[in-house]
Amino acid sequence: VAAPTGSASNLRSIIARRMTESKQQIPHFYLTANAEISELLWLHEGMKKNPELGRLTLTHWIATAVSLALASDGLFRTIYHQHEWLELPDADVGIAVATDSGLYAPVARHLDHAVLGDNAAQINQLIDRCRADDPPMENLQGGATTVSNLGNHQVAQIFPIINPGQSSILGVGRTQELFRPDDLGAPKLCKELHLVLACDHRVFNG
């Protein structure tokens with residue numbers, strides 16, 4: 001999202017223009033998957049009790065995992081810019097933040113090189129500043145992808161729009177409990193997270 005200037009209405013105008021440009025100029029395609037996260041939720045609930053980790057949410061785990069994926073494969077750090085393909089050197093991840101003024105997507109830096117607690121602190125600081133309408137301008141650009149998590153709003157799935165300048169965005173829905181057959185065919189209670197990855201067809205083969 002472009003750096004905001006002026007009033008909240010101006011920010012919404014910028015968002016409207018940028019998102020329209022994205023849908024008109026970026027050929028989107030979508031990939032969906034369900035991630036079984038029972039073990040992750042067990043680990044998450046235990047680590048939330050550690051006061052040193054502060055406000056720990058699933059967004060911190062997801063953003064860290066996305067950053068590690070970016071670091072492992074340069075294709076996921078590649079963007080299409082001025083008719084060229086550019087591989088970004090760092091595995092930075094944008095975090096979609098909805099506020100009363102509009103939508104921000106500050107970029108968290110170097111999550112692949114830090115521990116979870118440090119990543120959570122950095123992301124929380126970015127979110128807090130955006131909600132106070134004081135986003136750090138240096139973090140409002142860069143990165144190849146963004147995480148948009150609407151699970152707390154009980155949204156089952158989201159098909160997000162790629163931020164101009166990036167090549168993908170991950171939409172995260174709510175955790176759902178359902179029975180799946182285990183290896184022997186018996187019903188097993190699973191906890192699944194619905195994920196939708198929007199991709200730029202100019203970078204990835206749909």
Side-chain angles (χ1 to χ4, degrees), residues 1 12 15 19 22-23 26 28-50 53-70 76 91-108 111-112 116-117 119-131 135 143-163 166-182 186-200 204 206:
V1 175
R12 290 191 178 276
I15 295 170
M19 293 298 98
S22 175
K23 291 298 284 187
I26 300 177
H28 288 56
F29 71 92
Y30 295 91
L31 304 172
T32 67
N34 292 322
E36 213 296 319
I37 60 168
S38 296
E39 293 186 14
L40 172 61
L41 290 174
W42 176 83
L43 182 61
H44 175 63
E45 290 302 318
M47 294 185 68
K48 279 171 57 178
K49 300 175 183 177
N50 186 344
L53 293 177
R55 303 188 320 250
L56 188 64
T57 71
L58 284 180
T59 296
H60 302 133
W61 292 92
I62 295 167
T64 300
V66 168
S67 182
L68 291 170
L70 294 173
F76 295 109
D92 300 333
V93 178
I95 308 294
V97 183
T99 72
D100 292 338
S101 301
L103 180 67
Y104 295 100
V107 176
L111 299 181
D112 57 313
L116 182 66
N119 289 345
Q122 179 187 175
I123 291 170
N124 287 340
Q125 183 180 45
L126 292 173
I127 292 173
D128 289 343
R129 289 194 59 176
C130 288
R131 289 177 175 167
T145 194
T146 288
V147 171
S148 181
N149 187 355
L150 291 181
N152 287 339
H153 299 282
Q154 296 303 303
V155 173
Q157 57 183 319
I158 171 179
F159 290 79
I161 301 174
I162 298 170
N163 288 321
Q166 298 187 338
S167 59
S168 65
I169 181 170
L170 180 67
V172 182
R174 62 180 171 87
T175 302
Q176 303 179 73
E177 293 188 353
L178 69 167
F179 286 96
R180 301 279 193 191
D182 63 14
K188 176 184 178 182
L189 182 62
C190 297
K191 297 179 180 179
E192 296 183 351
L193 197 62
H194 195 89
L195 306 173
V196 179
L197 183 66
C199 302
D200 184 344
F204 305 98

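If you're wondering where the values come from, they're calculated on a predicted model, not measured in any experiment.
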Whether [X] side chain and [Y] backbone form a donor-acceptor pair below 3.5 Å:
X: Ser67; Y: Ala91; value: yes
X: Tyr30; Y: Pro160; value: yes
X: Asn163; Y: Ile169; value: no

Would you indicate whether the side-chain heavy atoms of [Y] and [X] approach each other to under 4.5 Å?
X: Ser22; Y: His28; result: yes
X: Thr175; Y: Glu192; result: no
X: Val107; Y: Val93; result: no
X: Cys130; Y: Pro135; result: yes
X: Leu195; Y: Thr32; result: no
X: Leu111; Y: Ile123; result: yes
X: Thr145; Y: Phe76; result: no

Quick check for you: to the nearest 0.5 Å, what is the distance between [X] atom [atom1] and [Y] atom [atom2]?
X: Gln176; Y: Ile37; atom1: CD; atom2: CD1; value: 10.5 Å
X: His153; Y: Arg174; atom1: NE2; atom2: CZ; value: 13.5 Å
X: Leu116; Y: Trp61; atom1: CG; atom2: CH2; value: 5.0 Å
X: Lys191; Y: Glu36; atom1: NZ; atom2: CD; value: 9.0 Å
X: Ile26; Y: Cys199; atom1: CD1; atom2: SG; value: 11.5 Å
X: Ser168; Y: Asp200; atom1: OG; atom2: CG; value: 9.0 Å

message: If we count only N and O atoms by modelled type, under 3.5 Å, do the side chains of Asn119 and His60 hold a donor and an acceptor together?
response: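 Checked: Asn119/His60 side chains show no N/O donor-acceptor pair below 3.5 Å.
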message: Within the 3.5 Å criterion, strictly below it, is a donor on Thr146 or Gln166 matched to an acceptor on the partner's side chain?
response: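 There is such a pair between these side chains.
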Within 6.0 angstrom of [X] [atom1], more than 12 heavy atoms from elsewhere:
X: Gln154; atom1: CD; value: yes
X: Lys188; atom1: NZ; value: no
X: Asn152; atom1: CG; value: no

query: Is there a side chain to side chain contact (heavy atoms under 4.5 Å, CB included) between Leu193 and Ile62 once you walk through the steps?
result: CA-CA 11 Å; Leu193 197 62; Ile62 295 167; 3.8 Å; yes
Can you name the closest pair of heavy atoms from [X] and [Y] and give their distance?
X: Ile162; Y: Ser167; answer: CD1-O, 3.9 Å
X: Leu58; Y: His44; answer: N-CE1, 3.9 Å
X: Leu56; Y: Met47; answer: CD2-CB, 4.0 Å
X: Ile158; Y: Ser148; answer: CD1-OG, 3.8 Å
X: Phe29; Y: Phe204; answer: CE2-O, 3.7 Å
X: Ala63; Y: Val147; answer: CA-CG2, 4.4 Å

- request: Check salt bridge (Lys or Arg N to Asp or Glu O under 4.0 Å) between Lys48 and all other residues, then give those that pass, not counting sequence neighbours.
  value: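 With neighbours one apart ignored, the set is Glu45.
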